[in-house]
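On a predicted model such as this, the values are computed, not experimentally measured, just so you know. Atoms considered below: every heavy atom in the structure, side chains included; atoms not considered: hydrogens, waters and symmetry mates. Letters go in sequence order (proteins before strands), and every chain restarts at 1.
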Amino acid sequence: MRMLDLNFVRANLELVRNKLRGRGQDPAVLLGDFEALDQRRRDRITEGEQLKAQRNKLSEEVARLKKSGQYAGAVMDRTRTLRARTEELEAAAAESEEQMRAILTRIPNLTRDEVPVGIDERANVEVKRWSTAPEFDFQPKPHWELGEHLGILDLERAAKIAGARFAVYWGDGAKLERALISFMLDVHTREHGYTEVLPPFMVNSKSLFGTGQLPKFADDLFRCVDAEGFEPGKYRDSDHWLIPTAEVPVTNLYREEILDEAKLPISLAAYTPCFRSEAGSYGKDVRGIIRQHQFQKVELVKFTRPEESEAEHEKLTRNAEAILERLGLPYRRMLLCTGDTGFSSAKTFDLEVWLPGQGLYREISSCSNFEAFQARRANIRYKPKGQGKTTLVHTLNGSGLAVGRTWLAILENYQQADGTVRVPEALVSYMGGQRTIAPRQGA
RNA sequence: GGAGAGGUGGCCGAGUGGUUGAUGGCUCCGGUCUUGAAAACCGGCAUACCCGCAAGGGUAUCGGGGGUUCGAAUCCCUCCCUCUCCGCCA
């Protein structure tokens, strides 16, 4: 189990080192003395296997002797003696393998060459901007004020029943969330060719390894208390973690499978809640519902042939943008720089929605091409026509969209001077014909 | 939770300690035949790693892990998953 292919890393060490530097990471820390470790590993394997070959020969000798009724005791004794030494070498080889595995599973994907080099979001590049930006003749409010005023967003009681970073939606607030989910799924399935799936909201650690959340990002996840704890390097079928995104269960649907080339590309759309511990983001985005332990999301996932993944990445990103456009929400598309691109991704576009209540753009979707990175970890392959060789597929995904952030973007963009909120035209039918969200009676 | 049955290569399915990485069938690939196709026939067809310029050789893998043994797909332990029955439950 590894992330980048060992042979590739070995043959392209300098490239890998450069790509790591591009991400702002120190190759020496991540790779250690790669060549020496690799050489020692190979020496140990070679030696151990030679001994095993010898042992196997002797065992065959025993069989031959016994078959012809001859005495085999002496050979059996020799083999027995070989055993201790063999086991030693095996253990040493296993130790080296583990060292290499630990290194490889922590190397992030190599970013594509067109990804701008930079250490943080300041180096991201704005690719496009789309707007029907609303003009306000009053001071627009942030969504938490609007939500509270309307009686549809209840953060206080959420904190009481679940703790900080949770939300309770009442009345039209709950209805708007549900309308958004249905709207997004309908557009993607009816117009963009995605198949809807409803996966489990918990996954095992093997799945989290497959998409790249484990081992490195265990702290960002909620893990259920199972009999077995978690130790990096040990991935199970039977433990339970809350999903941080539908990407995990949906991409892993085809883990350890060989897909039919005729069915590619496969496009799946899934609604799920997402759970994130948000460790390390204390004090960040504490107001409103920008950053929550639980939020809802409609996720788009694709499995493609390697040569189509770039084109499909653009299509997927356009599919996400279509939702923003249909809802009349101003946004811009950012090409993330090397340092801001996620661990598993080779190239990522973030879509950022305009939030007039706060006067800034906020990420509402992240669309990534993982190329073969996840496919290699999860072992998802297909058999190209004409060649016998099974090949890793490319995987992609993107939010289409984050529902909670869409919800708050609508509040902020469609607010009116009196604090009520207009319902975007595209959602009216999903809201049962309702055109305005007014303060909840009896709130 | 209790009792039982089972997990073998892309798929189906043999195999209960000794040239079994694994019979056979299907799919797939190449070829013969055909105007073309089908059928028929012939041949090929697992993966990873190690050694090697290569040819080739070696090691490991029969759900996962551990054990017994000179030797394990085959025996033992354990975990996971699937199926049947019972109980409980949304």
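- Out of B:G10, B:C80, B:A60, the shortest distance to the side chain of A:K52 is found at B:A60.
- A sub-4.0 Å separation between OP1 or OP2 of B:A48 and a side-chain N or O of A:N379 is absent.
- Contact between the side-chain N/O atoms of A:R236 and the OP1/OP2 oxygens of B:G64 is not found at any separation under 4.0 Å.
- The phosphate of B:A60 (OP1 or OP2) has a side-chain N or O of A:N56 nearer than 4.0 angstrom.
- Picking from B:U68, B:G58, B:G18 the nucleotide with the shortest atom distance to the side chain of A:R83 gives B:U68.
- Pairing partner, B:C41: B:G31, with both Watson-Crick or wobble hydrogen-bond distances short of 3.5 Å.
- Within the 4.0 Å cut-off from OP1 or OP2 of B:C51, not a single side-chain nitrogen or oxygen of A:R41 is found.
- Checking B:U20 for Watson-Crick or G-U wobble geometry (two distances, each under 3.5 Å) identifies no partner in any strand.
- Between A:F275 and A:F222, the distance separating the two ring centers is not shorter than 6.0 angstrom.
- Pairing of B:G87, defined by two Watson-Crick or G-U wobble distances under 3.5 Å, is not identified with any nucleotide.
- Comparing A:R381 and A:K57 by the nucleotide of RNA chain B whose heavy atom lies nearest to each, the residue mapping closer to the 5' end is A:R381.
- Taking 4.0 Å as the cut-off between side-chain N and carboxylate O, A:R223 and A:D239 do not count as a salt-bridged pair.
- Under the salt bridge (charged side-chain N to carboxylate O under 4.0 Å, His left out) test applied with A:E310, the options A:R305, A:K315, A:K347 reduce to a single match, A:K347.
- Where A:T46 and A:R55 each meet RNA chain B at their nearest nucleotide, the meeting point lying more 5' is that of A:T46.
- How far OG1 of A:T251 is from CD of A:Q374: 5.0 Å, rounded to the nearest 0.5 Å.
- Among the protein residues, A:K67 comes within range of no part of the nucleic acid, since none of its heavy atoms lies under 4.0 Å from any strand.
- Pair assignment for B:G9 gives none, since no Watson-Crick or G-U wobble pairing has each distance under 3.5 Å.
- Nucleotide B:G71 is matched to nothing when pairs are restricted to Watson-Crick or G-U wobble geometry with both distances under 3.5 angstrom.
- With distances taken from any side-chain atom of A:S238 to the nucleotides B:C80, B:C49, B:G18, the minimum falls on B:C80.
- Between B:C62 and B:U8, the distance separating the two P atoms is 12 Å to the nearest Å.
- Separating the CG atom in A:N379 from the CZ atom in A:R255 is a distance of 10.0 Å, to the nearest 0.5 Å.
- Within the nucleic acid shown, A:S59 comes within 4.0 Å of at least one base atom, counting heavy atoms only.
- Base pairing analysis places B:A46 opposite B:U61; the two distances defining the Watson-Crick or G-U wobble pair are each below 3.5 Å.
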